[in-house]
*Asks:* 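Take this structure, written in structure tokens, and hold onto it; I'll ask about it next.
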Amino acid sequence: MASTVQPPRGMRDFLPDDKARREGVLAVIRQAFAAYGYREIETPVLEELSRLESSQGGDNEKLIFRVLRRGLDPHDPLPPAKAADLGLRYDLTVPLARLYATHRGELPEVFRAIQVAPVWRAERPQRGRFRQFTQCDIDVLGEAGTVAEVELIAATADALERLGVQGATVRLNDRSVLAAMLDACGVAADQQPAALVSIDKLDKVGLDGVAAELSANGVGAGVVDRLVSVLVGVADAAGDLEATLAALPTRAGERAVRVLAIRDGVTVAKPGAAVVVDPTLVRGMGYYTGPIFEVHHPAFRGGSIGGGGRYDGMVGRFAGTDVPACGFSLGFERVVELVDAARFRSARRQVALVHTGDVDPGTLVAWQRRLIAVGADVRLVPRKRNVARTLEALRREGFEEWAELDARTRPPATSGPAGLDLRDLR
RNA sequence: GUGGCCGUAGCUCAGCUGGUUAGAGCGCCAGGUUGUGGUCCUGGAAGUCGGGGGUUCGAGUCCCCUCGGCCACCCCA
């Protein structure tokens, strides 16, 4: 093992190469979003627990890292519920709603926000899943129309396109379609949440698996049969829009108008975009109220690289009056993995000054500053026994040019026109 | 949160059924060699065998606990 000293479980250090790549990807995403008139905001990493916990964050609420109150008496331990009053955010949507409620008067009527920031969930880590990870969110607050959804999807598709990520598909659905579907099949209201979770696993456990889980949850056989036949119909439609709609119960089909409007909108706005209407898409967050969407990529079977939807009820919980809201979140850690190991290197010349140990520090840094002044990034590197190996390592870091300095190298002029000197820069 | 696999020098790994001062390659350092530099030779530094308990005359090797990584589930980005 590398070291016994390690970062906390599920959290990572980023070395220069990783960091450069991540920042490069982030810059592209930010530009793609900013191009649609969105502006970046930032909120504290901590929010009041009561806000994090009452916002229908689904299972994520169980994964909150809680922060102990200050000044607790260690000899008089309180139950966890009373010992903590703040928690690390598990997503960026809840803090955004809070920010909006706090600053509504200072914000435009329709507010478009970018958020690029870490969130925390106390999950069991594995590939593409961490306890601290970065999300890239765009949200539209104050827009009730489907233009919000169309724009969000277009912007997200743009970001992926700019990054050269191929093969991503956006799946679209609407919570009300799901609800109508379950109603029509006779699923009792109190069984619907569990039923949704089961349906969500369709692509993983298959029809039989879903049916078995529904039965296990106490859904009657007749109801399961009806639901399964709907799901079979959807599956047989194989993505064909008309066939998919025809497979739905009438009332559910009627509820699909918004989804269809969004799909049509995206198709008109961005003809190449891969958008698929999928009545079995569920999504875990409880706060979604209408259209929902998710980005899938073959590299993450079963998982998504992003998702979002409309959450018209949440801002009202904080602000008192309802404000329509809709957002899309890209899972940065997963997106980064899909981006070609393209080098996001400095545009400036990267120069190494390989020097012997007998050059005095002032002279060394004077040379360094002279090169900096004419547009290079310059690193001082002590000369070692095997220079060739040193140079190879530098090249891997992006230092393509180098010059050698020893005590006999004449000091640079401290003034006057500076050109990139040490003409034998190699 | 549940289950499985794994954890030996900076890196990649070897250490058979428990037995003397834990090894190799690469890298690193020093000296020499070489057509002033990715060669070769010699020597050297470097390991709490993830951590803690236990079994044993004796544990890197067995048992328990713990930390961390990976995988599946759960769920999600």
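Numbers restart at 1 for each chain; the letters A, B, ... are given by sequence-line order, proteins then strands.
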*Asks:* Students often get this wrong, so: under 4.0 angstrom with heavy atoms, is A:Val335 touching a base, only sugar-phosphate, or nothing?
*Replies:*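 The residue A:Val335 makes no contact with any strand.
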*Asks:* Establish, from distance only, whether the side-chain atoms of A:Gln192 and A:Asp183 form a donor-acceptor pair under 3.5 Å.
*Replies:*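 Side-chain D/A pair, A:Gln192 to A:Asp183: present.
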*Asks:* Just how far, in rounded Å, is P of B:G38 from CZ of A:Arg395?
*Replies:*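 For the pair A:Arg395 CZ and B:G38 P, the rounded distance is 12 Å.
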*Asks:* Can you check the A:Glu123 CD to B:C76 P distance for me, whole Å?
*Replies:*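 Value for this atom pair: 9 Å.
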*Asks:* Could A:Asp158 and A:Lys270 be called an ion pair, given the rule that one side-chain N must be under 4.0 Å from one carboxylate O?
*Replies:*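 Yes, this pair counts.
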*Asks:* In whole Å, what separates the C1' atom of B:U20 from that of B:G38?
*Replies:*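 Going atom to atom, C1' in each nucleotide, I get 42 Å.
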*Asks:* Counting only distance, no hydrogens or angles, is the base of B:C76 paired donor-acceptor with the side chain of A:Arg334 under 3.5 Å?
*Replies:*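 Such a pair is found, so the answer is yes.
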*Asks:* Between C1' on B:G69 and CZ on A:Arg131, what's the gap in Å once rounded to a whole number?
*Replies:*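 Between C1' of B:G69 and CZ of A:Arg131: 13 Å.
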*Asks:* So which nucleotide does B:C62 pair with, by the Watson-Crick or G-U wobble rule with both distances under 3.5 Å?
*Replies:*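 Base-paired to B:G54.
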*Asks:* Looking at B:G37, does its base get a donor-acceptor pair with the side chain of A:Arg383 below 3.5 Å?
*Replies:*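 Between B:G37 and A:Arg383, which were checked side chain against base, a qualifying N/O pair under 3.5 Å is present.
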*Asks:* B:A77, OP1 or OP2 - any side-chain N/O from A:Asn60 closer than 4.0 Å?
*Replies:*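 For B:A77, neither OP1 nor OP2 has a side-chain N or O of A:Asn60 closer than 4.0 Å.
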*Asks:* In whole angstrom, give me the gap between the P atoms of B:C13 and B:C57.
*Replies:*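 The same atom, P, in both gives a distance of 37 Å.
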*Asks:* For atom C1', what is the distance between B:G43 and B:U36, given to the nearest Å?
*Replies:*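 After rounding to an integer number of Å, I get 24 Å for this pair.
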*Asks:* Between A:Arg89 and A:Thr43, do the side chains contain a donor N or O and an acceptor N or O under 3.5 Å apart?
*Replies:*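 A donor-acceptor contact under 3.5 Å links the two side chains.
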*Asks:* Quick check on B:G27: is either OP1 or OP2 less than 4.0 Å from any side-chain nitrogen or oxygen of A:Arg389?
*Replies:*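 Yes, because at least one side-chain N or O of A:Arg389 sits under 4.0 Å from OP1 or OP2 of B:G27.
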*Asks:* Which part of the nucleic acid does A:Gly308 contact within heavy-atom distance under 4.0 Å: base, sugar-phosphate only, or nothing?
*Replies:*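 No contact.
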*Asks:* Expressed as a whole number of Å, how far does the P atom of B:G15 sit from that of B:G50?
*Replies:*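 Taking atom P in both B:G15 and B:G50, they lie 15 Å apart.
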*Asks:* Check the distance between B:U36's P and A:Asn386's CG and give it to me in whole angstrom.
*Replies:*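 Roughly 14 Å, once rounded to whole Å.
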*Asks:* For B:C75 versus B:G68, give the span between their P atoms, rounded off to a whole number of Å.
*Replies:*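 Comparing P positions in B:C75 and B:G68 gives a spacing of 24 Å.
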*Asks:* Scan A:Phe130 against the nucleic acid and name what it touches under 4.0 Å (heavy atoms): base, sugar-phosphate only, or nothing.
*Replies:*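 The residue A:Phe130 makes base contact.
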*Asks:* What is the distance from CD of A:Glu337 to P of B:C70, rounded to the nearest Å?
*Replies:*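 After rounding, the gap between these two atoms is 11 Å.
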*Asks:* If I pick the C1' atom on B:U8 and the same atom on B:G3, what distance separates them, to the nearest angstrom?
*Replies:*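 These two C1' atoms come out 27 Å apart once rounded.
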*Asks:* So, OP1 or OP2 of B:A72: does either fall under 4.0 Å of a side-chain N or O from A:Gln126?
*Replies:*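 So the side-chain polar atoms of A:Gln126 do come within 4.0 Å of the phosphate oxygens OP1 or OP2 of B:A72, strictly under.
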*Asks:* Could you state the CG-C1' distance from A:Leu26 to B:A77, rounded to the nearest angstrom?
*Replies:*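 After rounding, the gap between these two atoms is 14 Å.
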*Asks:* More 5' along RNA chain B: A:Met11 or A:Val387, using each one's nearest nucleotide?
*Replies:*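 Result of the comparison: A:Val387.
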*Asks:* For the side chain of A:Arg12 and the base of B:G69, is some donor closer than 3.5 Å to an acceptor across the two?
*Replies:*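 No such pair is found, so the answer is no.
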*Asks:* Does A:Glu333 pair with A:Arg12 as a salt bridge, N-O distance under 4.0 Å?
*Replies:*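 Result for this pair is yes, salt bridge flagged.
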*Asks:* Quote, to the nearest angstrom, the P distance that separates B:U34 from B:A46.
*Replies:*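 Each nucleotide's P atom is 31 Å from the other's.
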*Asks:* Ignoring backbone atoms, test whether A:Lys201 places a side-chain nitrogen or oxygen under 4.0 Å from the OP1 or OP2 oxygen of B:C75.
*Replies:*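 So the side-chain polar atoms of A:Lys201 do come within 4.0 Å of the phosphate oxygens OP1 or OP2 of B:C75, strictly under.
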*Asks:* Take the protein atom OH of A:Tyr288 and the nucleotide atom P of B:A77, then report the distance between them rounded to whole Å.
*Replies:*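 In whole Å, B:A77 P and A:Tyr288 OH are 6 Å from each other.
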*Asks:* Using the P atoms only, state how far B:U66 lies from B:A9, rounded to an integer number of Å.
*Replies:*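 Here B:A9 and B:U66 have their P atoms 24 Å from each other.
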*Asks:* For A:Lys384 and for A:Ala122, find the nucleotide of RNA chain B with the closest heavy atom, then tell me which residue's nucleotide is more 5'.
*Replies:*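 The 5'-side residue here is A:Ala122.
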*Asks:* I'd like to check, for A:Phe133, whether its ring lies over the base of B:A77 with centroids under 5.5 Å apart and a plane angle smaller than 30°.
*Replies:*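 Per 5.5 Å and 30° rule: yes, stacked.
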*Asks:* Is any N or O donor-acceptor pair between the side chain of A:Arg385 and the base of B:G32 shorter than 3.5 Å?
*Replies:*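 By the distance-only test, yes, there is a pair.
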*Asks:* Going by an N to O cut-off under 4.0 Å, is there a salt bridge joining A:Arg389 and A:Glu392?
*Replies:*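 Answer for the salt bridge query: no.
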*Asks:* Who does B:C73 pair with, Watson-Crick or G-U, both distances under 3.5 Å?
*Replies:*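 Answer to the pairing question: B:G1, which forms a Watson-Crick or G-U pair with B:C73.
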*Asks:* What I want to check is whether an N or O donor and acceptor connect the side chain of A:Arg124 with the base of B:G3 at under 3.5 Å.
*Replies:*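 Such a pair exists between side chain and base.
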*Asks:* Strictly below 4.0 Å: does A:Lys62 bring a side-chain N or O up to OP1 or OP2 of B:C74?
*Replies:*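 Answer no for this pair, as no side-chain N or O of A:Lys62 is under 4.0 Å from OP1 or OP2.
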*Asks:* State plainly whether the residues A:Glu337 and A:Arg334 are in salt-bridge range, i.e. N to O under 4.0 Å.
*Replies:*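 Salt bridge flag = no for A:Arg334 with A:Glu337.
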*Asks:* Tell me the partner of B:G25, counting only Watson-Crick (N1-N3 plus N6-O4 or O6-N4) or G-U wobble (N1-O2 and O6-N3) with both under 3.5 Å; none if nothing fits.
*Replies:*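 Pairing partner, where one exists within any strand: B:C11.
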*Asks:* Roughly, in whole Å, what's the span from CZ in A:Arg283 to P in B:C75?
*Replies:*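 Rounded to whole Å, this separation is 14 Å.
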*Asks:* Is the NZ or CZ atom of A:Arg171 both under 6.0 Å from the centre of the six-membered ring of A:Phe293 and within 45° of that ring's axis?
*Replies:*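 Because its charged atom misses either the 6.0 Å distance or the 45° angle limit, A:Arg171 does not stack over A:Phe293.
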*Asks:* Side chain of A:Gln6 only, please: which of B:C75, B:G68, B:G37 is the nearest?
*Replies:*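 So the nucleotide nearest the side chain must be B:G68.
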*Asks:* Both distances below 3.5 Å, Watson-Crick or wobble geometry, any strand: find the nucleotide opposite B:C40.
*Replies:*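 Pairing partner, where one exists within any strand: B:G32.
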*Asks:* Whether A:Arg22 engages the ring of A:Phe332 as a cation-pi pair (distance to the six-membered ring centre under 6.0 angstrom, angle to the ring normal within 45°) should be assessed.
*Replies:*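 Judged by the rule, A:Arg22 and A:Phe332 form no cation-pi pair.
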